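Here the structure is laid out as structure tokens; the discussion comes afterwards.
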Amino acid sequence: VNYYLSCWYRRSEFGIRAAIFFSAAAVSGSFGGLLAAAIEKMVGLGGRPGWAWIFILEGILTVLFGFASFWAVQNFPDKATFLSEVDRARVIRRLKMDQQSSAEHEEFKMQYVTAALKDYKMWLGMMIYMGCDMPLYAFSLFLPTIISQMGYTATKAQLLTVPPYACAAVLTITVGYIADRTRQRGLCNIFVSLIGIAGFAILLGSEKPHIKYAGTFLGALGIYPCISNTISWVSNNIEGVYKRGVVLGFVIGWGNLNGIVSSNIYRTGPKFTSGHSTVMVYMIVCLLGGSIAMRTLLARENKKRLTGQRDHWTRGMSHREAEKLGDKRPDFIYTL
Amino acid sequence: LDRTNIGNAKIVGLQQSLGPPGHPLSAGAYNAALSIFFVSYSLFEPLTNVLLKRLTPKLFIPIIMYSPLFQYSLSAADKRQGHVGSYHDIDGLCLQLVWLDGCSCQFLSPFFFDYRTDTDSGSLVLPKPASSQE
């Protein structure tokens, strides 16, 4: 979905949209808790256990939305039939002015896949994103334990999982808005990840469940905004519709693969020392360190491009040929 | 709601239902079952982005929404899963987790579980999952 959205909007418009989409993930964390509170009342209904009802309800909902998707989903701008010729030209012109000429039309070539694999921005993006996703998956594994330590059970415990996710959703959208305006996605990642690191430091250092609960707020505030911000950042800096698709695929896929780590490090509660410290390392090295490295490298490259040191890349090329270079065009300026 | 709900399903007795009669599935086996979920998710992510562009979103998004979910809802509605400890439980779970990702990689599950069926009781015995330290 993020890839699809990135092909419709200018680079400085994408952050808030990705943030709204991803904030749904945080909101679903909240709803999940509410839903589970309701489903507890359904245990045994129709001779089925509670977990079966979670799957049944979720399945029904998605099938209904799937039905709507036949009408609601539109094609990429170059083939979108709901637009008139004039409007379609306007959408593509906006994208071209934002150095996204590939929106016009692009045929699939293996060359786009190799271009993606050879681009350091993809590998660094994967590193940053694993620093977001592993802590994200870890979250749902230890939050219920902290709440039960505070002495809450059943419905009340389920409801107490809601506030950290809800706060995270609000900050995700706020950061998306700020990053679009300032175009400083790297700095946003760096500052926000510091909040999360502070949160996990509290989780690791405190024995008191109420203080730990406060730590989960900071943890959620530090993780969720970085997820959408990282995707917007990587997507902004890869030009070429197919290349971006492959890069986002690798980044998101690799990030999610790190969910395996999360589900295997939270074993012995309620202290979870190994779990929280692994998350800390991921956040400091991958998320914070990776963001600093990415920003430094992109800033250096921008400087070279702006001072004309990359102009020789297009020497002797026609305008059309130069457009095909994607983000390797000397006039393509990276979002920092 | 998918990823979060796997956690909620655990709270409302998924782990309990999957184990042999009267016992919950061991933490290691449950974690291994969760891990399968991520493998196909990751492998198919780059491929699906290219397919999205090539097949066009109007075709691809409805397909990807339906292909897993018919299976997914049906297997949850399947009464046989109420039989605690039966083979269908774990098989059903693996299918659901894998199908959640929109692909049918049932072949992955043998890499995580060393299946051994206890023929006397008809229940599935789960020895050490490959990815666990237990």
Side-chain angles (χ1 to χ4, degrees), chain A residues 3-4 7 25 28-29 31-33 35-36 39-40 43 47-56 58-63 65-67 69-70 73-76 79 106 108 113 116 137 140-141 144 158 241-242 244-250 252-260 263-264 267, chain B residues 1-17 27-28 30-32 34-39 41-54 56-62 64-66 68-70 72-79 81-82 96 131-134:
Chain A
Y3 166 57
Y4 174 69
C7 295
S28 86
F31 275 124
L35 191 69
I39 283 171
E40 259 173 52
V43 171
R48 293 188 185 89
W51 60 266
W53 280 111
I54 292 184
F55 291 151
I56 291 167
E58 189 190 332
I60 291 172
L61 209 65
T62 315
V63 167
F65 278 102
F67 200 58
S69 73
F70 282 109
V73 177
Q74 292 296 336
N75 284 335
F76 285 97
K79 286 186 188 142
E106 204 177 68
F108 178 76
V113 179
Y137 285 116
S140 59
L141 300 173
Q158 294 287 8
V241 170
Y242 278 111
R244 196 188 307 134
V246 175
V247 168
L248 283 184
F250 268 90
I252 296 174
W254 172 249
N256 282 308
L257 195 58
N258 281 274
I260 294 181
S263 51
N264 286 294
R267 284 172 172 276
Chain B
L1 288 175
D2 56 357
R3 297 173 239 178
T4 325
N5 270 333
I6 292 293
N8 289 326
K10 186 183 181 181
I11 297 171
V12 285
L14 179 60
Q15 194 173 356
Q16 192 73 37
S17 294
Y30 189 80
N31 281 340
L34 285 188
S35 303
I36 296 173
F37 167 71
F38 295 103
V39 175
Y41 195 142
S42 309
L43 285 178
F44 283 81
E45 189 79 39
L47 189 71
T48 50
N49 278 357
V50 172
L51 281 177
L52 176 69
K53 174 72 180 160
R54 292 198 85 175
T56 74
K58 234 177 155 40
L59 197 62
F60 184 75
I61 290 183
I64 201 109
M65 283 184 89
Y66 273 112
L69 279 153
F70 273 126
Y72 179 46
S73 314
L74 287 177
S75 42
D78 188 345
K79 278 255 184 187
Q81 294 192 356
Q96 278 163 354
S131 64
S132 125
Q133 299 296 311
E134 282 181 356

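In the text below, chain A, chain B and the rest are named by the order of the sequence lines, each starting its count at 1. What you see is a predicted model, and the numbers here were worked out from it, not measured in a lab.
- Note that the CG atom of A/L257 and the CG atom of B/L43 stand 7.5 Å from one another [nearest 0.5 Å].
- Ranked by heavy-atom pairs under 4.5 Å with chain B, the first of A/G255, A/G245, A/C7, A/A116 is A/G245.
- Of all heavy-atom pairs between A/G249 and B/E45, the closest is O-CG, 3.2 Å.
- Atom CZ of residue A/F65 and atom CD1 of residue B/I61 lie 14.0 Å apart, to the nearest 0.5 angstrom.
- For the atom pair OH of A/Y3 and CG of B/L52, the computed distance is 6.5 Å after rounding to the nearest 0.5 Å.
- Chosen from A/V246, A/I252, A/V113, A/V247, the residue pairing most often with chain B at heavy-atom distances under 4.5 Å is A/I252.
- A heavy-atom distance below 4.5 Å is found between the side chains of B/R54 and A/Y242.
- Both tests hold for B/K53 against A/F76: distance to the six-membered ring centre under 6.0 Å, angle to the ring axis within 45°.
- Only the side chain of A/F108 comes within contact range of chain B, with at least one heavy atom under 4.5 Å from a heavy atom of that chain.
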